[in-house]
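Below you'll find the structure, written out as structure tokens, and then a few comments.
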Amino acid sequence: MPRILFHDKIISMDSLSEKIVPENLAGEFNKLYGSGKDAVRVFASPARINIIGEHIDYNGGNVFPAAIDRFLYVAVRKRSDTRITYRDVKFPGVYSFNIREGLAYKKENDYANYLNGIVSILKRRGCVFPCGFDVLIGSNIPPAGGISSSSALECGFAYALSEIFGFGISRKDIALIGQQSEHEFMNVKCGIMDQFIIATAKKDTAELLDCATLGFEYVPLVLDDCRFVVMNTQKKRQLTDSKYNERRAQCEQALAILHAAKIPLTSAGKYANTKDIPDLCSLTPKQLDECKSVFPNETIFKRARHCVTENERVGKAADALKAGNLAALGALLKASHASLRDDYEVTGVELDTLADAANAESSCIGARMTGAGFGGCAIALVKNSGTEEFIDSVQRAYVKAIGYEAAFFTCTTADGVREIETARR
Ligand code: GLA
């Protein structure tokens, strides 16, 4: 029987005592729901880091994420009636609905909204639920931490339902269902990166994903004597969703300006006129520079500039990794952070402090924020041998500047969402 081993080192406020172990989750499920005629099945859905390619998945760009060994577990069992019940080991409350009712977003339903969102999208896609089910969630992914706890929930749950009811939904569609639910039910106009990597990841690789076509390539994540350290600002995130939607709207505005201006482009690129570009990332940085004068304000131009330069960095980063050139990868991570700070303005003092403190350490090859920003997490590529001192120094600098601790953990890569075998009692 395969076991999930937790070998990441947890330091600071991220306490080991809170770890969810999937074998215990099935036992806990039986305690809470009693025994039933069907087996309790347990699914593991990973968190992700994005190595590079930030805020360009909704601009037709390439992104370079990897799933990591932090998991959210979904334990689920069919019922003989039509009720659906949700519980979470770490959050109080029991949410109960009827599979036959129309499920709408309700603030008081808290995390259950993510689950109801998935159920309602599945129903809309024609999936028929012959009965209800009970669910118990247990997560080792920090909530609202920028490493995709919500996508892990959406994809883990959608995959679990597909498996137990035999819907046979492809991994790509699991990702699209998760994204659709986030758009329509949760009103966050996210890109596809998080759901896609969680649905399709392969251990020991990062995924180079073309968000315009959803074509992708697994690139072996060979880090020699280095590893990624995840650094959580532990900032209470507020208004993140509305700021995220605002950035997306600014990119749409930039694209509309370029379409309307119909600028012939002289430097080389895929398109010869801005009226034809399907998305911002179809332009090269040089081509965008040619268009600078049509932007009515600097902010919208800067948003577009981040997109085109970041897209270029992703290609270079994948090449650097393939060539085993970690120093080049590190430099690109630093440049990405600077662009997210200065042009896209989604970092903030907490993430800047972490990235700057990390980049000042000699053991660090490169660090940057990861995910949506405005708080959440940063990642640093660090020499194995210097990891402990690295964490100590960055923590000291962070506490001095911010006044409270960050949380740190090292990670390895993981497979995408899957069922795990537990004793099915
Ligand atoms: C969030 C979104 C993703 C992506 C990142 C920023 O994680 O869910 O789609 O846009 O922010 O790169």
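As the structure lists them, so they are numbered: ligands from 1, and atoms in each ligand from 1.
When each atom of ligand 1 is checked for a heavy atom of Y58 under 4.0 Å away, the hits are 10 (O). Atoms of ligand 1 found under 4.0 Å from any heavy atom of G371 (numbered from 1 in listed order, with element): 6 (C), 11 (O).
Between S150 and Y114, some side-chain heavy-atom pair lies under the 4.5 Å cut-off. A heavy-atom distance below 4.5 Å is not found between the side chains of V76 and V40.
In terms of protein heavy-atom proximity, atom 9 (O) of ligand 1 is nearest to D57 OD2, 2.5 Å. Ranking the protein heavy atoms by distance from atom 7 (O) of ligand 1 puts D194 OD2, 2.6 Å first. For atom 5 (C) of ligand 1, the closest heavy atom belonging to the protein is M193 CE, 3.9 Å. The protein heavy atom nearest to atom 10 (O) of ligand 1 is Y244 OH, 2.6 Å.
Here the two rings, on F295 and F301, have centers that are under 6.0 Å apart. A centroid separation of less than 6.0 Å is found between the aromatic rings of F196 and F216. Within the 6.0 Å centre-distance limit, the rings of Y95 and Y111 are counted as a close aromatic pair. Aromatic rings of F129 and F167 (six-membered ring for Trp) have centroids within the 6.0 Å cut-off, being under it.
Looking at G191 next to ligand 1, an N or O pair under 3.5 Å apart turns up. Residue H55 has at least one N or O atom closer than 3.5 Å to an N or O atom of ligand 1. Looking at N50 next to ligand 1, no N or O pair under 3.5 Å apart turns up.
Within the 4.0 Å heavy-atom criterion, the part of R48 lying near ligand 1 is the side chain and not the backbone.
Here the side chain of S162 pairs no donor or acceptor atom with the backbone of A158 at under 3.5 angstrom.
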